[in-house]
Amino acid sequence: MSDSEIITHDIIIVGAGLAGTWAAMTAGEEKLDIAVLSKVHPLRSHSGAAQGGIAAVLNNVRPVEGTGPRGPLEPIPPGGEAVDSLDLHMFDTIKGSDWLGDQDAIEIMISEAPEIIYAYEHMGCVFSRLPDGRIAQRRFGGHSAPRANYSADYTGHVLLHTIHEQALRRGVKFYSEWYCMDLIVEENICRGIVALDILNGKLYTMRAKAVMFGTGGYGRAWKITSNALANTGDGVAISYNAGVPLMDMEFVQFHPTGLYQKGILMTEACRGEGGYLVNSTDERFMERYAPDKMELAPRDLVSRAEQMEIEEGRGIGPDSQGLYLDMRHLGEQKICERLPQVRDLAIKFAGVDMIDAPVPIQPTAHYSMGGIPADSNGQVIADADGTHILGFFAAGECACISVHGANRLGTNSLLGASVFGRRAGRAMAEFVKDGADLQPIHDDPLQRNQERIKHLMDGDPASNNHESVSRIAEELKGTMTQNCGIFRDEERLANAMRKVNELQERYKSARIMDKSGRFNTDLLEAIETDHLLTFSEVVVASGMARTESRGAHYRTDYPARDDEDWLKHTLAHKEEDKPKLSYKSVNIDWEKFPPQERKY
């Protein structure tokens with residue numbers, strides 16, 4: 001390995017979304033050498049696709065008196081009575097998590113939320129405003145008070161742009177369109193990564209005193225998803241292959257309102273602003289499933305309700321797999337002011353103007369509650385005893401801290417990425433400044449990854465049995481949708497495991513046509529498909545083992561929550577190329593927030 005193939009920084013962050021950029025900006029305040037890798041342009045990171053809002057208790061608005069919990073909102077006058085509190089936000093989050101969220105981490109997230117919002121504001125973030133200039137707030141599913149702070153329906157976009165320019169201001173170096181291939185962990189110490197410069201196809205060993213993954217989620221393992229093409233779970237798969245466990249991978253959230261047959265997100269703000277869900281008989285069916293919250297019940301409950309309507313024959317569309325999101329009663333002015341982006345998306349991708357007609361929607365794979373286990377400072381955990389992997393950090397959707405437990409509430413995602421990205425940045429800066437050394441690398445990870453690429457390009461010349469990468473990926477998405485989706489049971493999960501294992505075996509014969517080095521998208525697709533297969537096996541294995549229903553994991557053969565046996569986190573280690581499961585206790589304040597029945 002020549003010196004020209006080695007790049008060195010104090011801190012390397014993989015992923016340029018909110019978590020990664022907050023970490024980079026925060027650590028950059030300490031005048032350290034910070035680098036951020038992103039396989040897409042940093043401002044195309046998936047955080048920018050979040051639409052509806054970021055949660056925090058500000059007490060800026062309240063329901064108009066006498067209009068009920070779904071009525072219009074009005075500003076709270078200065079000195080007016082508060083309708084929200086940190087304890088209420090915390091309880092809503094714990095209840096939403098179906099009591100699988102770690103309550104110490106949740107308390108940190110909720111208590112730091114207002115400070116994060118005002119930090120964004122002081123950096124120039126363009127929030128929607130009340131007439132008196134305060135930040136506007138709206139309702140969101142599973143929240144007992146209006147605490148979603150928003151910028152029309154472009155919230156993630158404006159947050160990401162705000163924080164990105166601040167990271168540039170602090171001298172952070174961005175490697176745009178570089179792909180992380182491997183994580184270098186030896187003797188429980190993280191020593192760097194192997195990265196591919198997508199532009200020229202050259203591999204580099206990147207050494208650092210601290211490495212953080214902020215690589216996002218993995219919704220692309222399902223056929224209908226709101227996730228961008230880049231969300232292929234690279235970070236979780238790379239970590240798992242490097243010997244890091246994965247936690248709570250069975251919990252995958254389906255968002256109730258993806259565009260029918262496309263999956264493109266119609267933000268929960270559509271329902272927060274008062275939108276209705278209706279079936280083929282024009283019935284607002286949520287009254288049957290969550291009479292108090294209606295359309296603003298948590299996402300797991302609403303998605304299951306939708307799927308029940310579909311399976312009982314009340315769906316719409318040629319395949320009867322859709323339903324309607326009806327916004328017409330909100331009026332043109334409110335839709336154009338509060339929801340301009342989703343209106344435009346519906347026009348372009350569904351041919352429907354929500355001002356005049358209901359929009360066809362269906363549940364779509366959306367968010368990953370599970371991921372790389374980490375503490376509230378982003379330090380990655382190696383086992384159930386809490387041993388850390390020295391110098392390795394994670395935050396954002398790829399991490400499992402676990403503040404979302406079995407089901408995330410809307411607007412808590414942007415909040416968690418921001419809070420824990422900032423905390424990880426501080427922890428990494430402290431770790432480096434306390435004298436962390438640049439650890440030597442004894443193995444040759446560069447050669448290992450060169451051979452991986454060569455195998456995909458060349459393989460066995462004598463063999464004519466060359467599998468198609470895209471066909472393997474499509475079959476995986478089909479089986480995960482059919483067998484490991486909103487509803488699961490033993491037979492479906494067993495079918496999923498057989499198919500995933502079959503596809504893993506077939507992948508060994510996969511070859512790509514493009515042999516070039518420059519911007520080889522065939523190669524990227526092949527590596528991403530390998531990652532999809534890797535973590536999908538963990539999702540299925542974890543789901544097969546958990547014989548209960550909790551949050552987004554719903555077993556029709558075990559429809560009840562089982563706290564006696566399953567109030568615990570799942571940990572999956574890679575052992576002889578198969579997931580080996582163990583378990584870790586949930587951190588619960590038994591006096592303040594003990595488990596209770598989850599009703600809406």
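Note that the structure is predicted; figures quoted are calculated from it, not measured.
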Task: Sub-4.5 Å side-chain heavy-atom contact between M90 and T93 - done: no
Task: Charged N-O contact under 4.0 Å between E177 and K39 - done: no
Task: Shortest non-hydrogen contact between L58 and N149, atoms and distance - done: CD1-OD1, 3.1 Å
Task: Residue list, side chain to side chain contact (heavy atoms under 4.5 Å, CB included) with L229, at least two apart or on another chain - done: R220
Open item on the list: Holding to side chain to side chain contact (heavy atoms under 4.5 Å, CB included), I want the full list of residues that pass it with T529, two or more places apart in sequence or in another chain.
Closed with: V469, I472, A473, Y507, E525, L533
Task: R448 bridged to D182 by N-O distance under 4.0 Å - done: yes
- [ ] Assign the ring pair H255 / H366 to parallel, tilted or perpendicular, where the plane angle (0 to 90°) is split at 30° and 60°.
- [x] perpendicular
- [ ] Have a look at Q51 and tell me which of L339, L345, T155 forms a side chain to side chain contact (heavy atoms under 4.5 Å, CB included) with it.
- [x] L345
- [ ] Might you point out which heavy atoms bring A16 and F174 nearest each other, and give the distance in Å?
- [x] CB-CE2, 4.2 Å
TODO: Using a 4.5 Å cut-off on heavy atoms from C-beta on, say whether the side chain of L523 contacts that of I453.
DONE: yes
Open item on the list: Looking at R129, I'd like to know if its CZ atom is crowded, meaning that more than 12 non-hydrogen atoms belonging to other residues, nucleotides or ligands lie closer than 6.0 Å.
Closed with: yes
- [ ] For the residue pair I34 and M428, establish whether any side-chain heavy-atom pair is separated by less than 4.5 Å.
- [x] no
Open item on the list: Going by salt bridge (Lys or Arg N to Asp or Glu O under 4.0 Å), name the residues that satisfy it together with R44, two or more places apart in sequence or in a different chain.
Closed with: none
TODO: Kindly assign one of parallel, tilted or perpendicular to the pair Y154 and H157, based on the angle between their ring planes and the thresholds 30° and 60°.
DONE: perpendicular
Open item on the list: If I compare all heavy atoms of V40 with all of S176, which pair ends up nearest, and what's the gap?
Closed with: O-OG, 4.0 Å
Task: K515 and D522 ion-paired at < 4.0 Å - done: no
Task: Pairwise side-chain contact, M109 with N412, heavy-atom cut-off 4.5 Å (strictly under) - done: yes
Open item on the list: Suppose we screen for side chain to side chain donor-acceptor pair (under 3.5 Å). Which residues come up paired with H164, at least two apart in sequence or across chains?
Closed with: none
- [ ] Check the side chains of S468 and S470 for a donor-acceptor pair under 3.5 angstrom, ignoring hydrogens and angles.
- [x] yes
Open item on the list: Can you confirm whether or not the ring centre of Y367 sits under 6.0 Å from the ring centre of H404?
Closed with: yes
Task: Results of salt bridge (Lys or Arg N to Asp or Glu O under 4.0 Å) for E29 - residues two or more places apart only - done: R170
TODO: Look at the side chain of R343 and the backbone N and O of C336, then say whether any donor-acceptor pair between them is shorter than 3.5 Å.
DONE: no
Open item on the list: Other residues, nucleotides and ligands only: do more than 12 of their heavy atoms fall within 6.0 Å of CD on E430?
Closed with: no
Open item on the list: Could you walk me through whether R422 and E112 satisfy the salt bridge (Lys or Arg N to Asp or Glu O under 4.0 Å) test, starting with their C-alpha distance in whole Å, then the side-chain angles of each, then the deciding distance to 0.1 Å, before giving a yes or no?
Closed with: CA-CA 11 Å; R422 182 173 69 168; E112 294 186 10; 3.7 Å; yes
Task: Electrostatic pair K202:D197 at N-O distance under 4.0 angstrom - done: no
Open item on the list: Keeping S368 on the side-chain end and Y218 on the backbone end, is there a donor-acceptor pair under 3.5 Å?
Closed with: yes
Task: Smallest separation among heavy atoms of A55 and H143, with atom names - done: CB-CE1, 4.2 Å
Open item on the list: Salt bridge check, R471 against E474: does any charged N sit closer than 4.0 Å to a carboxylate O?
Closed with: no
TODO: Kindly write out the residues that satisfy salt bridge (Lys or Arg N to Asp or Glu O under 4.0 Å) with D514, not counting sequence neighbours, or none if the list is empty.
DONE: none
TODO: Indicate yes or no for a side-chain donor-acceptor contact from T481 to the backbone of K223 under 3.5 Å, with no hydrogens or angles considered.
DONE: yes
Task: With sequence neighbours excluded, residues passing side chain to side chain donor-acceptor pair (under 3.5 Å) with K31 - done: none
TODO: For residues S418 and Y120, determine if any side-chain heavy atom of one lies less than 4.5 Å from a side-chain heavy atom of the other.
DONE: yes
TODO: Using side chain to side chain contact (heavy atoms under 4.5 Å, CB included) as the criterion, list what pairs up with A49, not counting sequence neighbours.
DONE: H46
Task: Residues in side chain to side chain donor-acceptor pair (under 3.5 Å) contact with T8, at least two apart in sequence or another chain - done: none
Task: Sidechain N-carboxylate O distance under 4.0 Å for D530, R452 - done: yes
Open item on the list: Among residues at least two apart in sequence or on other chains, which ones pass side chain to side chain contact (heavy atoms under 4.5 Å, CB included) with N377?
Closed with: D375, R423, A427
Task: Nearest-0.5 Å distance, OG1 of residue T364 to CD1 of residue I486 - done: 9.0 Å
Task: Residues Q253 and R299: side-chain donor-acceptor under 3.5 angstrom - done: yes
- [ ] With sequence neighbours left out, write down each residue that passes side chain to side chain donor-acceptor pair (under 3.5 Å) with D10, or none if nothing qualifies.
- [x] none
- [ ] Check the surroundings of atom CD in E107: do more than 12 heavy atoms from other residues, nucleotides or ligands lie under 6.0 Å from it?
- [x] no
- [ ] Tell me whether the guanidinium CZ or amine NZ of K262 lies under 6.0 angstrom from the six-membered ring centre of Y260 and within 45° of its axis.
- [x] no
Task: Considering all heavy atoms, the nearest P363-S303 contact - done: CG-O, 4.1 Å
Task: Those residues that, when tested against K433, pass salt bridge (Lys or Arg N to Asp or Glu O under 4.0 Å) (two or more places apart) - done: E30
